[in-house]
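Just below is one structure, and these are the notes that go with it.
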2 protein chains.
Amino acid sequence: MNMTQPLSSCSNCGLHELCIPTDLSADDLKRLDQLVYARRKLCRGEELYRAGDQFGAIYSIRSGSFKKEVALEDGRQQVIDFLMSGDVLGMDGIGTDRYSCNAVALEDSVVCVIPFVRLEAISREVRGLQHQFHRVMGREMVRHQAVKMLLGGARAGERVAAFLLTLSRRFEERGYSASEFILRMNREDIGSFLGIQLETVSRVLSQFHRDNLVAVMQKYIRILNAPGLRHVAGSMGEAQPATTAKALLAVSLPAHQDTKRAASKVSALGA
Amino acid sequence: MNMTQPLSSCSNCGLHELCIPTDLSADDLKRLDQLVYARRKLCRGEELYRAGDQFGAIYSIRSGSFKKEVALEDGRQQVIDFLMSGDVLGMDGIGTDRYSCNAVALEDSVVCVIPFVRLEAISREVRGLQHQFHRVMGREMVRHQAVKMLLGGARAGERVAAFLLTLSRRFEERGYSASEFILRMNREDIGSFLGIQLETVSRVLSQFHRDNLVAVMQKYIRILNAPGLRHVAGSMGEAQPATTAKALLAVSLPAHQDTKRAASKVSALGA
DNA sequence: CGGCGTCTTGACAAAATTCAACGCCTGTGG
DNA sequence: CCACAGGCGTTGAATTTTGTCAAGACGCCG
């Protein structure tokens, strides 16, 4: 399945805020509808683009979700991002005219195809679009930064906690439940993304479950104690505006023998 | 020291390729010179901007170097990037209208101040500038991606090796020696950036030295065996275009007792 | 109902952190 | 010009964390 449907209309797209569109005059809106060349539907596992492909368009995710990954040539893949509806895919190709990773659908998904020359042309005329596009790129960079911080400074438990909280917030932003959701990716992908082994992901989730932070049933996740999770995540928890707090906890007890650091933090909080 | 000098001229700036400017008509060049509002000189340790500051401008580094860091509120700082001449600072503020990190000069430095509204205005008129700016942002994103891969998948030795190689290449791009340079940052900053402890950085460098991969004298670095370093860095070594190779090595011997993995890889290569 | 991919859990090994001590280099002040 | 303080870098030993290997459970799809 790889069909491209012609229908397209940005002006009434539900993604508004999240995607490229923004508040514009009626006249500008007409222009905006020229942005999207087509829609494209992808089945689970299908690739939207591959590393090395000629760059030509960016894609706004209309429904579904994706992972971005880079091949390590020993066959293994390193996951570098997870994206969901409203997110923009393909900006990794802008810098070099070739995509720098593979974009793979995690479930059946639909994207809007936005030819980049067209985006540049229209954003030269429609100031609001120009600014919005820059903001989208800017936010993507900040997201990358946040992940770098996580990978650079956090233990396994903190990584997983921050990961769950980020997912939670992103689902909420899209109108879904913040406390209950289905993971679209498997443990291996999560581990790859977080820089830990899939076994470690599993262990940490089990520990969280035991501590009543989250209910875990395979891919189904229910967050039971968000403040507790944020506590475990420490500084990396939710840094949408600027920075949060880790600090205070760093002083806490040196963690007992067979219990994970995560657990000790939690018990200190009182689940 | 925090003076802002009025003088400015993009059309004859030596940074050309690296910075915003690109090949344009004489007429466009005049416009381009309006880009830079002023120059600003910073002393070592001085902050160009801080996380949370109102975003207003991006900065092109004319000379010197910077680190970007985020406060962890337990007083510790996490370094998320190192930048040098020709790089652009401040794009982290575009997404949210507030800078998301602190930019600190690692040595006495000079930056060009580019008011963002001005950049957007001129790039609406000068197509080449628009495109070039997008490419600069795009390249920054790819750089972030590469670091994420490093932090996500690499051992300490691989991280340090990749770090040295990246520095080497970036110096070379700027016309300096690729094999001999001075680190502008201390071990703690390197460790923070690479997600390892400063002691580990030191140990790895010592090991590299013993293996005759690099000569290390405090901040002075001389690369003695670049292929060997690339070998140690594995897949993360130099991925400017797309991906490289790790693969083959993953199969190698399980590393002997008191010798670092890096060392075993090297000896297998033959320094 | 069975097979298979995915997830969980345990035991052990390896890697990196932590804590601590010491040496080196720089810049300052006598 | 030398001595010394303080920051920075190096190294060692013990400990924690994570990875690795292996086995078994679970759930989903055919």
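Each chain gets a letter, A, B and so on, in the order its sequence line appears, and its residues count up from 1.
- Whole-Å rounding puts the B:L198 CG to C:dA21 P distance at 17 Å.
- To the nearest angstrom, P of C:dC22 lies 16 Å from CD of B:E199.
- Counting to the nearest Å, the P atom of C:dA16 and the CD1 atom of A:I196 are 16 Å from each other.
- The residue B:L205 sits apart from the nucleic acid: no heavy atom pair falls under 4.0 Å.
- No side-chain heavy atom of B:F181 sits under 4.5 Å from any side-chain heavy atom of B:Y220.
- Of all nucleotides listed (C:dT18, D:dT20, C:dT9), C:dT18 comes nearest to the side chain of B:R203.
- Using modelled atom types and a 3.5 Å distance limit, the side chains of B:S177 and B:E172 yield no donor-acceptor pair.
- In this structure, B:K219 places its NZ atom 7 Å from P of D:dC8, rounding to the nearest Å.
- For the pairing with A:N102, the side-chain contact (heavy atoms from CB on, under 4.5 Å) check across A:Q77, A:K68, A:K67 returns one residue only, A:Q77.
- We find that CD of A:Q197 is positioned 16 Å from P of C:dT6, with the value rounded to whole Å.
- Rounded to a whole Å, the CD1 atom of A:I182 is 14 Å from the C1' atom of D:dG27.
- Across all strands, B:G191 comes closer than 4.0 Å to no nucleic acid atom at all (heavy-atom distances).
- Both A:A156 and A:Q218 lie near DNA chain D, and the one whose nearest nucleotide falls closer to the 5' end is A:A156.
- Residues B:Y49 and B:D92 have side chains that bring a donor and an acceptor to within less than 3.5 angstrom of each other.
- Checking D:dA22, D:dT18, C:dT17 against every side-chain atom of A:T200, the shortest atom distance belongs to D:dT18.
- Counting any heavy atom pair closer than 4.0 Å across all strands shown, B:S206 reaches sugar-phosphate atoms only and no base atom.
- In this pair, B:F193 and B:F163 present their aromatic rings tilted. The plane angle is within the 30 to 60° band.
- Atom CG of B:N186 and atom P of D:dG6 are 19 Å apart (whole Å).
- Counting to the nearest Å, the C1' atom of D:dT10 and the CZ atom of B:R187 are 9 Å from each other.
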